[in-house]
**Q** 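Would you mind keeping the following structure in view while I ask a few things?
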Amino acid sequence: MAEKSVETLEIAKIFIGYHGTSRENADSIIKSNFKPSENPDDWLGHGIYFFVNGISDPKNNATEYACNKAWDNKNKILKYKFYSLLSVNATGTNVLNTNDMEHLKAFNEVSLLLQKKHKEIWVKGRDLTHDKRIMWNLVADFMSLEVIIHNLYIQTKEQRKQKITLNVPNTTVMCVKDNKNIDFDTIKLIGNGVVK
Amino acid sequence: MNIQELARQAIERINSMSLEELEKKFIEHGYVPSRFESCENYDNVVLQNVPSYGAINTLPSCNITAANQRTYFDIADYDMSIAA
């Protein structure tokens with residue numbers, strides 16, 4: 001009983017996240033909160049994504065992201081002309097921040113056990129480590145993670161033009177697993193712009 | 001809760017689950033075993049029954065659309081007429 005009360009007294013950490021999206025999406029988020037993404041190419045598994053303070057300026061990262069996402073490469077058209085930047089406070093007690101070596105070790109410990117189990121289930125299985133999204137989802141589920149912070153390499157517009165791909169992280173990204181960890185009242189429109 | 005404690009609890013949970021339960025968990029999170037891998041689990045059954053059409057990946061009757069659905073590989077579902 002005493003242990004439980006200590007647990008519930010644990011103070012949630014607060015993180016400021018920046019999100020760039022179309023103006024239309026931003027309006028919808030301001031009205032009805034973020035929705036977790038469930039795309040196959042989600043960087044850190046399913047969740048709501050933000051840029052946070054870390055390697056580079058998160059507002060610039062969010063702006064660039066919004067501009068890049070506007071381009072429909074298949075049809076060679078802009079999906080939207082105007083973007084918006086939002087800021088928000090996210091909170092969580094179960095946070096994995098891979099900038100901390102202990103957190104990285106914890107992730108790898110759980111991930112390696114899952115890989116071992118994977119081999120026991122599917123004897124000649126394909127390499128699960130290629131399924132980054134699935135591994136992130138599994139680890140987050142078993143560790144009951146609410147917030148994940150991780151440094152990522154995202155190709156910049158300039159690098160894309162010059163066909164340069166590097167492997168050194170250049171942004172710090174936060175994945176919030178559920179919108180109950182978003183403080184809805186703190187969602188703020190902090191800027192609008194035209195996609196360049 | 002600190003990260004070591006979260007990892008310890010996660011490991012305890014994983015180790016306490018049966019392989020069947022874990023298999024469901026993997027699939028719940030989007031894991032789909034490859035077509036080859038799933039056929040391979042049943043290759044003896046396939047090869048014994050259709051020796052002339054033994055190339056596992058070319059068998060139309062293998063009927064694999066979602067490799068995580070193991071019942072697709074049950075011999076009872078095997079469509080011999082297509083293989084013949």
Side-chain angles (χ1 to χ4, degrees), chain A residues 3 6-13 38-42 45-46 92-98 100-128 130-146 148, chain B residues 1-48 54-59 62-75 77-78:
Chain A
E3 259 180 41
V6 170
E7 207 174 287
T8 49
L9 279 174
E10 194 166 4
I11 298 164
K13 296 176 187 79
E38 292 202 1
N39 295 320
D41 55 354
D42 286 335
H46 299 331
T93 50
N94 294 353
V95 178
L96 180 91
N97 182 347
T98 61
D100 183 322
M101 206 54 76
E102 290 306 312
H103 287 227
L104 263 184
K105 284 181 193 169
F107 176 91
N108 282 315
E109 211 180 334
V110 176
S111 169
L112 281 171
L113 178 61
L114 287 165
Q115 289 165 57
K116 186 172 160 259
K117 294 286 181 184
H118 168 264
K119 273 191 182 167
E120 288 174 35
I121 299 168
W122 290 284
V123 181
K124 290 188 179 174
R126 61 191 168 87
D127 188 356
L128 178 69
H130 293 161
D131 292 308
K132 297 181 190 78
R133 169 186 54 100
I134 294 164
M135 185 51 80
W136 275 109
N137 280 341
L138 280 163
V139 173
D141 182 346
F142 280 108
M143 290 180 76
S144 309
L145 297 176
E146 295 163 320
I148 300 167
Chain B
M1 202 178 298
N2 73 41
I3 204 74
Q4 286 91 353
E5 182 56 20
L6 289 176
R8 191 193 62 74
Q9 287 183 6
I11 288 166
E12 205 174 275
R13 268 184 71 202
I14 295 166
N15 282 329
S16 71
M17 290 172 86
S18 67
L19 291 183
E20 286 73 23
E21 285 170 322
L22 272 171
E23 182 179 1
K24 277 184 197 155
K25 206 73 173 161
F26 275 84
I27 290 165
E28 181 192 313
H29 284 296
Y31 181 77
V32 180
S34 71
R35 177 182 166 132
F36 174 77
E37 165 192 353
S38 300
C39 267
E40 185 120 322
N41 292 337
Y42 293 82
D43 58 359
N44 288 337
V45 176
V46 172
L47 292 172
Q48 279 165 20
I56 293 167
N57 282 329
T58 60
L59 277 175
C62 208
N63 195 22
I64 303 161
T65 50
N68 56 345
Q69 295 178 34
R70 282 196 158 173
T71 50
Y72 280 165
F73 305 102
D74 193 298
I75 192 64
D77 289 336
Y78 198 77

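A note on names: the letters A, B, ... follow the listed sequences, proteins ahead of strands, and every chain is numbered from 1.
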**Q** Where is the tightest heavy-atom contact between A:Leu145 and B:Leu6, given as atom of each residue plus distance?
**A**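 Nearest pair, atom of A:Leu145 first, then B:Leu6: CD2-CD1, 4.2 Å.
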**Q** Taking all non-hydrogen atoms of both residues into account, name the closest pair between A:Arg133 and B:His29 and its distance.
**A**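 Nearest heavy atoms, A:Arg133 then B:His29: NH1-O, 4.0 Å.
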**Q** Does the pair B:Asn15 and A:Leu113 meet the rule for a side-chain contact (heavy atoms from CB on, under 4.5 Å), with working shown?
**A** CA-CA 9 Å; B:Asn15 282 329; A:Leu113 178 61; 3.7 Å; yes
**Q** How long is the straight-line distance from CD1 of B:Ile11 back to CG of A:Leu114, given to the nearest 0.5 Å?
**A**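 So the CG of A:Leu114 and the CD1 of B:Ile11 are separated by 9.0 Å.
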**Q** Looking at B:Leu19 and A:Glu120, what are the two nearest heavy atoms and their distance?
**A**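 It is CD2-OE1, 3.7 Å.
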**Q** I need the A:Lys117 NZ to B:Glu21 CD distance, nearest 0.5 Å.
**A**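 Reported to 0.5 Å precision, the distance equals 11.0 Å.
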**Q** Identify which part of A:Val139 has an atom lying under 4.5 Å from any heavy atom of chain B, answering side chain, backbone, both or neither.
**A**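 Contact with chain B involves no heavy atom of A:Val139 at all.
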**Q** Looking at every heavy atom in both A:Met143 and B:Ala10, which two are closest together, and how far apart are they?
**A**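 Where A:Met143 meets B:Ala10 most closely, the heavy atoms are CG-CB, 3.7 Å.
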**Q** Give me the ring orientation class for B:Tyr31 and A:His118: parallel if the planes are under 30° apart, tilted from 30 to 60°, perpendicular past 60°.
**A**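 The arrangement is perpendicular - the two ring planes meet at more than 60°.
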**Q** Restricting to non-hydrogen atoms, name the atom on A:Leu138 and the atom on B:Lys25 that form the minimum distance, rounded to 0.1 Å.
**A**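 Closest pair (atom of A:Leu138, atom of B:Lys25, distance): CD2-O, 3.9 Å.
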**Q** Return the NZ to CD1 distance between B:Lys24 and A:Ile121, rounded to the nearest 0.5 Å.
**A**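 The NZ atom of B:Lys24 sits 11.5 Å away from the CD1 atom of A:Ile121.
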**Q** Under the criterion side-chain contact (heavy atoms from CB on, under 4.5 Å), I'd like the reasoning laid out for B:Glu28 against A:Asp141: C-alpha separation, chi angles, the key distance, then a yes or no.
**A** CA-CA 11 Å; B:Glu28 181 192 313; A:Asp141 182 346; 4.1 Å; yes
**Q** Looking at every non-hydrogen atom in both residues, tell me the closest pair between A:Ile134 and B:Phe26 and how far apart they are.
**A**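 Between these two residues, the closest heavy atoms are CG2-O, 4.4 Å.
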